[in-house]
Amino acid sequence: MSQITLTFPDGNTKQVPAGITPAEVAEGIAPSLAKKAISATVNGAHYDLAWPIDADASIAINTMQDDEPALELIRHDLAHVMARAVQALWPDVKVTIGPVRDNGWFYDFDRAEPFTPEDLGEIEAKMKEIINARDPVRTEVWSRADALKYYEEQGEPYKVELVNRIPEDQDIRMYWHGDWQDLCRGPHLQHTGQLPADAFKLTHVAGAYWLGDNTRPMLQRIYGVAFKNRNDLKAWQVMMEEAAKRDHRKLGREMDLFHMQEEAPGQVFWHPNGWTIYTTLQDYMRRQQARGGYVEVNTPQVVNRKLWEASGHWENYQENMFIVEVDEDHAREKTINALKPMNCPCHVQIFNHGLKSYRDLPLRMAEFGSCNRYEPSGALHGIMRVRGFTQDDAHIFCTEDQIESETKKFIDFLAQIYADLGFEKWTIKLSTRPEKRVGTEESWDRVEAALGNACKAAGYDFEIQEGEGAFYGPKLEFTLTDAIGREWQCGTHQVDPNLPERLDANYIGQDGEKHRPVMLHRAVLGSFERFIGILIENSEGRLPLWLAPRQVVVAAIVSDADDYCREVAAALQAKGIRAEADLRNEKINYKVREHSVGKVPYILACGMKEVEERTVSVRKLGEKQTFGATLDEIVERLTQEALAPDLR
RNA sequence: GCCGCAGUAGCUCAGUGGUAGAGCGCACCCUUGGUAAGGGUGAGGUCGGGAGUUCAAUCCUCCCCUGCGGCACCA
């Protein structure tokens, strides 16, 4: 048998027979390592301990100390253990697929009856039995014909389909957990006893389409989470509770920001507090846009179908549009209109009004554009996914040569805004040409390169999302990370040569001839509704002072201080601070608690001591320690602190 | 849109085949209290909407609406 050379992480090499398995390699190093081993990393690929190595390779034996392979295997093996438990409890259930995802895994089953929460408890118990049985995990490579025959006999139609979907040149691998078997590419642990019986939890059940295709049957999906040990599971549970505390729907109620009701699904009733955040943010964006060289416009809500036909929305986007018919009784003839789902066609109308010269380009046209989209009912979520919303939208009309510099300028613009709003960490994704597309290869080459170059020029790396661009052009997506590590895609920047073509936009070039401009669709926040939701969740309602709807409450400790409290509040209000006096017949404890729960950044308490000294006792949100300040000092301090970041 | 779950006072929730309760909030009274809930009294509900079963429905059945968790969607 021929020899191969294995290279270990410490640089040592060893001659071994070809076809050796990582399990044997581990055994050769130390029997204790062989026992602890969970998998191997061979030439960078994750290997099962039972897979033979046929050629020279670098190898590292993994144990539970190695986080990434350990979690991958724990979650993946638990997916199989769960499927086995389900079939043990309900033999008629058909198994499908069960990948690792997020902090755990899911597995989809075909079962007439949905699973109940009680079922989940039973499944968990059965899984623990399986883990405790320490069943060996075995792997075998089967022929396609054998696999098909086996699954047909077993009555597992989904597995038959999966086998048929495996590419011809790929091995068909079967894994046995004890006497239960599943189709899987592996790798897996040595035996189920390596799984942590106390560090996993089945979380919920949900419907999911087979292969993610809404024309295929809906299956029952069970989600689970798993970690290396019980403490990590607990940490995850704490994290989930933290996330629940930040829920903007809950905070929106507690802070009296907005409400929604069934007569207007997917639309927001902004209360005074919430609307203050909204307008403050909008004022800030308006100043930024003015600085960024944008002109602001405003366009109609209800627009005749003819324009949507011309723009292509009628054909491609009608499902998502609110259609408005005007009846003969009211109009001379029946017309069909739609609420605008996007602003771009209207912006082209403004561009087209009057002749444009190359000297007008780039023309950056911004609108706080109120749009309505008939989003599918299941998609609605608080103020994050709504049917009526306002975008911080703009379209940059420019030449193809200007795309790169305009893109860079936009990235700089967006970076400043994200920084001002407290988001330090964000990433860029570049989506490239999809399979179905318009335009020449050469123009896609040029435009994709322009976007990439602009990112680099602005000093940012980007990740490529192959084939995820729009049919008319590539796009950049800007995703920010919030305080608890969740990601939100907000900013977008899309190159569109198509709409100017469809709506016949043109400008007169230096040569005196008509030319077609390109449009860049771009947004920084996305929508005010969603972005405010993100701001709330990111800050847990503790918005920075300049954005807080109620910035200061002046709370009277005794009623003899009422007049002074009014005076303090008035002095702050005179400086533009959103201050109010709380003169209610309540104890200071009560007032402090209520305004703390209400996330008011500053409480200024005043009793007779403060009245006599003309001071205030300052309590900052989240801090137990109070401090004293004179009236003049606190007015000066808060006036400075309450300035928007761009006005400091 | 699809699967599952839910909808009772402003909020959080309990409850029953004979039309309903708590805590918080709200109003009024007492209390003037020094940094996260002082005490008392009171008002407040077509039990999401419609239909059906029943002597009787908030409760059982069906349809619809809305919300929640996913899936799909996000030209």
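Throughout, protein chains are lettered first and strands after them, A, B, ... in sequence-line order, and every chain is numbered starting at 1. Only this structure's heavy atoms are used, side chains among them; waters, hydrogens and symmetry mates stay out. Everything numeric here is computed off the predicted structure, so don't read it as measured data.
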C60(B) and U16(B), which share atom name C1', separated by this distance in whole Å: 13 Å

Both distances below 3.5 Å, Watson-Crick or wobble geometry, any strand: find the nucleotide opposite A51(B). U61(B)

Candidates G34(B), C73(B), A36(B) - which lies nearest the side chain of Arg593(A): A36(B)

Separation of C3(B) atom P from Phe109(A) atom CZ, nearest Å, is 20 Å

With heavy atoms under 4.0 Å as the rule, sort Ala208(A) into base, sugar-phosphate or nothing. sugar-phosphate

Could you measure between the two P atoms, the one in A43(B) and the one in C5(B), and give it in whole Å? 40 Å

Phe471(A) CZ - C74(B) P separation (whole Å): 13 Å

Taking any heavy-atom pair under 4.0 Å as a contact, classify Leu380(A): base, sugar-phosphate, or nothing. sugar-phosphate

Ignoring backbone atoms, establish whether Ser617(A) has a side-chain N or O less than 4.0 Å from OP1 or OP2 of U35(B). no

Any base atoms under 4.0 Å from Gly628(A), or only sugar-phosphate, or nothing? Heavy atoms, all strands. nothing

Separation of the P atoms in A22(B) and C65(B), to the nearest angstrom: 35 Å

Are any of the side-chain nitrogens in Arg522(A) or Asp393(A) under 4.0 Å away from the carboxylate oxygens of its partner? no

Do the side chain of Arg216(A) and the base of A72(B) come within less than 3.5 angstrom through a donor-acceptor pair of N or O atoms? no

Atom CG of Asp110(A) to atom P of G4(B): distance rounded to whole Å? 13 Å

Look at the side chain of Tyr209(A) and the base of G1(B), then say whether one donor and one acceptor between them are separated by less than 3.5 Å. yes

Using 30° and 60° as the class boundaries, would you call the ring planes of Trp90(A) and Phe115(A) parallel, tilted or perpendicular? perpendicular

Indicate, yes or no, whether a donor-acceptor pair under 3.5 Å links the base of C68(B) to the side chain of Arg249(A). no

With the threshold set at 4.0 Å, does a side-chain nitrogen-carboxylate oxygen contact exist between Glu540(A) and Lys599(A)? no

Is the shortest side-chain N/O distance from Tyr590(A) to OP1 or OP2 of U32(B) below 4.0 Å? no

Among C3(B), C71(B), A72(B), the one nearest Asn214(A) by side-chain distance: A72(B)

Please work out if Tyr472(A) contacts a base, only the sugar-phosphate, or nothing of the nucleic acid, heavy-atom cut-off 4.0 Å. base

Charged N-O contact under 4.0 Å between Arg216(A) and Glu161(A): yes

Got more than 12 heavy atoms from elsewhere within 6.0 Å of NZ, Lys94(A)? yes

Is any side-chain N of the basic residue among Lys306(A) and Glu309(A) closer than 4.0 Å to the acidic one's carboxylate O? no

Taking for each residue the nucleotide of RNA chain B bearing the nearest heavy atom, is the 5' side occupied by Gly622(A) or by Ser311(A)? Gly622(A)

Met260(A) near the nucleic acid: base, sugar-phosphate alone, or nothing, with a heavy-atom cut-off under 4.0 Å? nothing

Determine the contact category for Pro376(A): base if any of its heavy atoms lies under 4.0 Å from a base atom, sugar-phosphate if only primed atoms, P, OP1 or OP2 are that close, otherwise nothing. base

Can you tell me the pairing partner of G44(B) across any strand shown, Watson-Crick or G-U wobble, with both distances under 3.5 angstrom? none

Compare the minimum distances between each of G70(B), U32(B), A36(B) and the side chain of Val592(A), then state the nucleotide with the smallest one. A36(B)

Mind checking if Gly212(A) touches a base, just sugar-phosphate, or nothing, with heavy atoms under 4.0 Å? sugar-phosphate

Among C3(B), G38(B), G33(B), which is the nearest nucleotide to the side chain of Val558(A)? G33(B)

Using purine N1 to pyrimidine N3 plus N6-O4 or O6-N4 for Watson-Crick, or N1-O2 and O6-N3 for G-U wobble, each under 3.5 Å, what pairs with U66(B)? A6(B)

Measure CD/Glu610(A) against C1'/G34(B) and give the value in whole Å, please. 8 Å

If G33(B) has a Watson-Crick or G-U wobble mate with both distances under 3.5 Å, name it; if not, just say none. none

Any-strand Watson-Crick or G-U partner of G1(B), both distances under 3.5 Å: C71(B)

Send over the distance from Arg221(A) CZ to C2(B) C1', rounded to a whole Å. 13 Å

Under a 3.5 Å cut-off for both contacts, is U19(B) paired Watson-Crick or G-U wobble with anything, and if yes, with which nucleotide? none

Under 4.0 Å between a side-chain nitrogen and a carboxylate oxygen: does that hold for Asp632(A) and Arg614(A)? no

Rounded to the nearest angstrom, tell me the gap between atom NZ in Lys591(A) and atom P in A37(B). 15 Å

Rounding to an integer number of angstrom, what distance separates G45(B) and A51(B) when you compare their C1' atoms? 23 Å

For C64(B) versus G1(B), give the span between their C1' atoms, rounded off to a whole number of Å. 16 Å

Under 3.5 Å, is there any donor-acceptor pair linking the side chain of Thr626(A) to the base of U35(B)? no

Do the ring planes of Tyr418(A) and Phe531(A) sit parallel (below 30°), tilted (30 to 60°) or perpendicular (above 60°)? parallel

What is the distance, to the nearest angstrom, from the NE2 atom on His204(A) to the P atom on C71(B)? 7 Å

His381(A) NE2 - C71(B) P separation (whole Å): 13 Å

If you measure from the C1' atom in A27(B) to the same atom in C2(B), how many Å do you get, rounded? 48 Å

If only side-chain N and O atoms of Arg101(A) are considered, is one of them under 4.0 Å from the OP1 or OP2 phosphate oxygen of C71(B)? yes

By the 4.0 Å heavy-atom rule, please label Met384(A) as base, sugar-phosphate, or nothing. nothing

Name the nucleic acid region contacted by Glu594(A), choosing base, sugar-phosphate or nothing; use a 4.0 angstrom heavy-atom cut-off, strictly under. nothing

Both Glu262(A) and Asn589(A) contact RNA chain B. Which one's nearest nucleotide lies toward the 5' end? Asn589(A)

Say we look at G7(B) and C47(B): how far apart would their C1' atoms be, to the nearest angstrom? 10 Å

Scan residues 255-277 of chain A for pairs that pass side chain to side chain donor-acceptor pair (under 3.5 Å), counting only residues two or more places apart or in two chains. Asp256(A)-His271(A), His259(A)-Gln261(A), His259(A)-His271(A), Gln261(A)-Glu263(A)

Taking only the P atom of each, what is the distance from U54(B) to G49(B) in whole angstrom? 23 Å

